[in-house]
There are 2 protein chains.
Amino acid sequence: MPLLMLKDLPRYECLLEASREFPDLDPSAAEVFLHLLRSGDEAFRVVESHLAQHDISQGRFGVLMALWGNCQRAGSATEKPLTPAELAERTGVTRATITGLVDTLETAGLVTRTPHPDDRRMMSIGLTKRGAKTLARIMPEHFRRMAWLMEPLREPERKTFVRLLTKVLTRAAGDPSASKRETGVLSARS
Amino acid sequence: MPLLMLKDLPRYECLLEASREFPDLDPSAAEVFLHLLRSGDEAFRVVESHLAQHDISQGRFGVLMALWGNCQRAGSATEKPLTPAELAERTGVTRATITGLVDTLETAGLVTRTPHPDDRRMMSIGLTKRGAKTLARIMPEHFRRMAWLMEPLREPERKTFVRLLTKVLTRAAGDPSASKRETGVLSARS
DNA sequence: GGCGGATAGTTAGCCGCCTAACGATAAAAG
DNA sequence: CTTTTATCGTTAGGCGGCTAACTATCCGCC
């Protein structure tokens, strides 16, 4: 997981102090923001350390899950392949990155890569039996780790949490381009 | 920002459905978890896209901030250098990574790197005037972006948010080793 | 003073992410 | 039918993260 701004979270009082020097700094916003970055980081680590034991990175896991989900979605026991572009779309990385991930997964015998039957520009990526078995081995503990991390939260807290997180996601989805923000179009929008 | 499990967040009903097949899957925990991962990702993107305009990566920004914070902390106008190990500790990456980051920052004229006066094993990394000016130029918009993302949340929501995030962080900090979790020591602890 | 263990920063190699560019292919336009 | 535009997966190169190993240095102990 890449670097966060700084490892130790500043106390609110420090942010308040800093806001005197930087008028653009909203102390409570910064506090939430930094806690969010940090928590996301930690959440990632909790599951990633388990995946690593299976020689699976989060990136590879995403590809495997997308393929596996596609089998389930198809409601069929037979594999339903995806193209690299579809994998890229579902996993949120570029097609170029998918090439590398599929390279290593193919080498490990977890996926197949064959020319697409309908379009010669495309490849067809499918989950092997070994890939499916690897996933089946990983998923129980994967889900347990998620549950473990969230255990201190009771159901109502979880609902609140999701609601707040969704507000952030909605806001982020409305992200105008950076240049617009800097030129003050944002204040006109607000 | 690296890959999340899958780009599109599953609806709660899907998680409920999946929990029938996977007894280890706690639907509400998974929902919060995935929302958290995703929100952390988006928060990262909001500030990172701005930094990129200044040719600064999040990693570099962290180093600069640590150096700048050290100046401030020292309450002195003169620069107060840090060692690579101190930078690594404050920014949460390895010393090896710091070497690379400092390499590029030094090339850009934003930091100085000199032998340490007291210990010949160490280097001394300091912020240049140019580095400080670059930071001063970046920080207003950086803080504005944080504030922008959190704007939909009112003060009480922010306090709740920080409380919930802190619970997660506390839990993550109590993370026993992975092997212990898998062997069931966790259930004995709970 | 000498030895052993610890620490520091760097290097090499790997991985995963990106962008830009490319050749091959498909689709659209005229 | 031909030309132009769009799409695909891959490649090359860069960056930032990691681990392991290395040489140089420091420190504690005998």
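First the proteins, then the strands, lettered A, B, ... as listed; each starts at 1.
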So, is B:Arg113 close to the C:dA8 phosphate, meaning a side-chain N or O under 4.0 Å from OP1 or OP2? no

Taking the nucleotide of DNA chain D with the closest heavy atom to each, which residue, B:Thr104 or B:Ala96, is nearer the 5' end? B:Thr104

Within the supplied structure, the quantity of interest is the number of heavy atoms (other residues, nucleotides, ligands) at a distance under 6.0 Å from A:Lys167 NZ; does it exceed 12? yes

Of the nucleotides C:dC18, C:dT11, C:dA8, which one has an atom closest to the side chain of A:Val93? C:dC18

Once you apply a heavy-atom cut-off of 4.0 Å, does B:Ser57 come out as touching a base, just sugar-phosphate, or nothing? sugar-phosphate

Tell me the interatomic distance from B:Arg95, atom CZ, to C:dA6, atom P, rounded to whole angstroms. 14 Å

Between B:Phe61 and B:His54, is the gap from one ring center to the other below 6.0 Å? no

Could you tell me whether the phosphate oxygens of D:dC18, OP1 or OP2, come under 4.0 Å of any side-chain nitrogen or oxygen in B:Thr97? yes

When the distance from CE of A:Met122 to P of C:dA24 is rounded to whole Å, what number comes out? 18 Å

Rounded to whole Å, the CG-C1' distance (B:Leu87 to D:dG17) equals 16 Å

Applying side chain to side chain donor-acceptor pair (under 3.5 Å), run through A:Ser39 and A:Asp41 and close with a yes or a no. CA-CA 5 Å; A:Ser39 304; A:Asp41 191 20; over 6 Å; no

Figure out the CZ/C1' separation between B:Phe61 and D:dG16, and round it to whole Å. 17 Å

Can you establish whether the number of heavy atoms outside B:Arg130 located under 6.0 Å from its atom CZ is more than 12? no

Atom OG in B:Ser28, atom OH in B:Tyr12: separation rounded to 0.5 Å? 5.0 Å

Output a table of nitrogen or oxygen pairs between the protein and nucleotides 25-29 of chain D separated by less than 3.5 Å.
residue : atom : partner  : partner atom : Å
D:dT25  : OP1  : B:Arg120 : NH2          : 3.1
D:dC26  : OP1  : B:Arg120 : N            : 2.8
D:dC26  : O4'  : B:Arg121 : NE           : 3.4

Of D:dT10, D:dG16, C:dG9, the nucleotide closest to the side chain of A:Thr99 is D:dT10

Pair B:Thr112-B:Glu106, side chain to side chain donor-acceptor pair (under 3.5 Å): steps then yes or no: CA-CA 6 Å; B:Thr112 56; B:Glu106 188 186 22; over 6 Å; no

Taking OP1 and OP2 of D:dC18, is either one under 4.0 Å from a side-chain nitrogen or oxygen of B:Thr94? yes

Would you call the rings of B:Phe161 and A:Phe161 parallel, tilted or perpendicular, where under 30° means parallel and over 60° means perpendicular? perpendicular

Rounded to the nearest angstrom, tell me the gap between atom CG in A:Asp103 and atom C1' in C:dC15. 12 Å

Report the distance from atom CD of A:Glu86 to atom C1' of D:dG9, rounded to the nearest whole Å. 13 Å

Rounded interatomic separation in angstrom, taking CD from B:Glu48 and P from C:dC17: 14 Å

Using atom CE of A:Met123 as one end and atom C1' of C:dA24 as the other, report the distance to the nearest whole Å. 13 Å

